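Since the structure is predicted, the reported quantities are computational estimates derived from the model, not experimental observations. Only heavy atoms go into these numbers, but all of them, side chains included; no hydrogens, no water, no symmetry mates. In what follows, every chain begins at residue 1, and chains take the letters A, B, ... in the order their sequences are listed.
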Number of protein chains: 2
Amino acid sequence: MPPSTPRAPAKASGLDCRLAVLGADVRLTPHRREVFDVLAASTDHPTAYDILDRVKSRAPHISLATVYNCLEHLTTHGLIKQVHLERGQSRYCANLHEHVHFHCETCGKVIDAHPATDFDPAKFWNLPKGTRVTRTDLAIHGTCDACAAKS
Amino acid sequence: MPPSTPRAPAKASGLDCRLAVLGADVRLTPHRREVFDVLAASTDHPTAYDILDRVKSRAPHISLATVYNCLEHLTTHGLIKQVHLERGQSRYCANLHEHVHFHCETCGKVIDAHPATDFDPAKFWNLPKGTRVTRTDLAIHGTCDACAAKS
DNA sequence: ATTAGAATTGGAATGATTCTAAATGGAACG
DNA sequence: CGTTCCATTTAGAATCATTCCAATTCTAAT
């Protein structure tokens, strides 16, 4: 018995919630919410495993697969950003302000750096005519203050 | 019978050669030379597999492990650069001039873009005092000319 | 209550890379 | 010129991060 009308996607409920970000209305299940909250409370650019560990204290039965699913959902909806500084694990970041990443090659720490002045990549690099830019990722590698002081 | 004096590492020979780059003296075995030559002749930022394919036409018995070894040796000695634009395979680049990478999210193509004017990241982003910068990686993501024209 | 779609799960599968232990090859020593 | 030493090379195993998959659970609309 096929239904006569297509069913709309599930809407918000008591256990469910939504978050308006960048004009988009994003559906957050409890797990997605936990993952988002953990990331929003972190400034250290955790990996999926780090996030799993932290979320487990609030939702002990969450699985790694779910953490990946949630991170993917949050990323595609623009609530968080996925960061690739080196090969290996992806890192995640809930800072949506314009910023770049400083990566300490000695201790591995990642620090957000915010713009001191306006920056438009097209002004600095000769891109072929007709190129459309959607986003830029700048990673600055070096030695952080603390590691530099030690050596 | 332990030798009384330590033996120096093997020196250059007829089959062997060296290349002076950035003041460093880098030992190149025939395989390393092939890998370097293939990469130097490529502008498409090939992956390790791509490089294996291309080197095979000149050295049919080379293995993937050797390609990885060579790429690692060449990278640590500064003859080539490893590029991470997304997660997945690393790409390699023999362009040592200052440049950034434009990545087309539609066709996957990677294009080198050279600076139109001088660029110093420290001028644009507030890094913590004491931070030492060794290198910056800028990836510009978007749609290339050809893909933009199609849509 | 029923049902359909979405979310979640554990575990299997995949893909890229790194590791390992054995084989090879050239150079210096005798 | 043969031996020894060590770097290089190799095939295949192991690892690591992630993605896939099929089964189960949940939620919200009928």
Side-chain angles (χ1 to χ4, degrees), chain A residues 1-18 26-36 46-53 55-56 58-77 82-92, chain B residues 1-18 26-36 46-53 55-56 58-77 82-92:
Chain A
M1 60 200 83
S4 51
T5 49
R7 189 179 298 261
K11 293 293 185 326
S13 77
L15 280 173
D16 196 1
C17 68
R18 280 157 180 276
V26 182
R27 176 146 179 270
L28 292 189
T29 61
H31 279 164
R32 288 176 187 166
R33 176 96 225 178
E34 296 285 1
V35 168
F36 179 76
T47 64
Y49 276 87
D50 296 335
I51 293 166
L52 176 65
D53 280 346
V55 169
K56 266 185 172 164
R58 292 160 151 258
H61 298 305
I62 195 168
S63 74
L64 181 59
T66 299
V67 170
Y68 272 111
N69 287 342
C70 292
L71 289 169
E72 213 241 310
H73 181 90
L74 294 169
T75 302
T76 58
H77 287 83
Q82 199 178 27
V83 182
H84 299 123
L85 290 164
E86 342 166 69
R87 92 161 305 284
Q89 299 170 82
S90 297
R91 297 171 164 278
Y92 298 86
Chain B
M1 60 199 84
S4 51
T5 49
R7 188 181 300 263
K11 293 293 182 330
S13 75
L15 281 173
D16 197 359
C17 69
R18 280 156 181 277
V26 182
R27 177 144 180 270
L28 292 189
T29 61
H31 279 164
R32 288 177 187 165
R33 176 96 227 176
E34 296 284 1
V35 167
F36 179 77
T47 64
Y49 276 87
D50 295 335
I51 293 166
L52 176 65
D53 279 346
V55 169
K56 265 186 174 163
R58 291 158 152 260
H61 299 304
I62 196 169
S63 74
L64 179 60
T66 299
V67 170
Y68 273 110
N69 287 343
C70 293
L71 289 170
E72 213 240 310
H73 180 90
L74 294 169
T75 302
T76 58
H77 288 82
Q82 199 178 27
V83 182
H84 299 123
L85 291 163
E86 343 165 68
R87 93 160 305 283
Q89 297 170 83
S90 297
R91 296 172 165 277
Y92 298 86

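- Between B/Leu71 and B/Gln82 there is no side-chain heavy-atom pair separated by less than 4.5 Å.
- Between B/Asn69 atom CG and D/dT10 atom P the separation is 9 Å, expressed in whole Å.
- Nucleotide C/dA16 holds its P atom 10 Å from the CG atom of B/Asp50, rounded to whole Å.
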CA sep, side-chain torsions, deciding dist, call: B/Leu28, B/Leu74, side chain to side chain contact (heavy atoms under 4.5 Å, CB included) = CA-CA 9 Å; B/Leu28 292 189; B/Leu74 294 169; 3.7 Å; yes

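- Atom CZ in B/Phe36 sits about 17 Å away from atom P in D/dT8, given to the nearest Å.
- Distances from the side chain of B/Ala65 to the nucleotides D/dA17, C/dA7, D/dA11 place D/dA11 closest.
- Counting any heavy atom pair closer than 4.0 Å across all strands shown, A/Ser90 reaches sugar-phosphate atoms only and no base atom.
- Side chains of B/Thr47 and B/Asp50: a donor-acceptor N/O pair is present below 3.5 angstrom, by distance only.
- Atom C1' of nucleotide C/dT17 and atom CD of B/Gln82 are separated by 10 Å, given to the nearest angstrom.
- Side-chain proximity of A/Thr29 to the nucleotides C/dA7, C/dT17, D/dT9 is greatest for C/dA7.
- If you measure from atom CD1 of A/Ile62 to atom P of C/dT8, you get 7 Å, rounded to the nearest angstrom.
- Nearest to the side chain of A/Tyr49, among D/dT18, D/dT9, C/dT17, sits D/dT18.
- Between B/Ala48 and B/Tyr92, the shortest heavy-atom distance links the atoms N-CE1, 4.2 Å.
- The side chain of A/Gln89 has D/dA17 as its nearest neighbour among C/dT17, D/dT9, D/dA17.
- Across the interface with DNA chain D, nearest-nucleotide mapping of B/Val67 and B/Arg87 shows B/Val67 to be the residue nearer the 5′ end.
- Protein atom NE2 of A/His31 is 6 Å distant from nucleotide atom P of C/dT8, rounded to whole Å.
- Contact record, B/Thr76 with B/His73: OG1-O, 3.1 Å, taken as the closest heavy-atom pair.
- Proximity of A/Ser63 to the phosphate of C/dT8: no side-chain N or O atom is located under 4.0 Å from OP1 or OP2.
- For the pair A/His73 NE2 and C/dG5 C1', the computed distance is 15 Å after rounding to whole Å.
- Note: CD (B/Glu86) to P (D/dT19) measures 11 Å, nearest angstrom.
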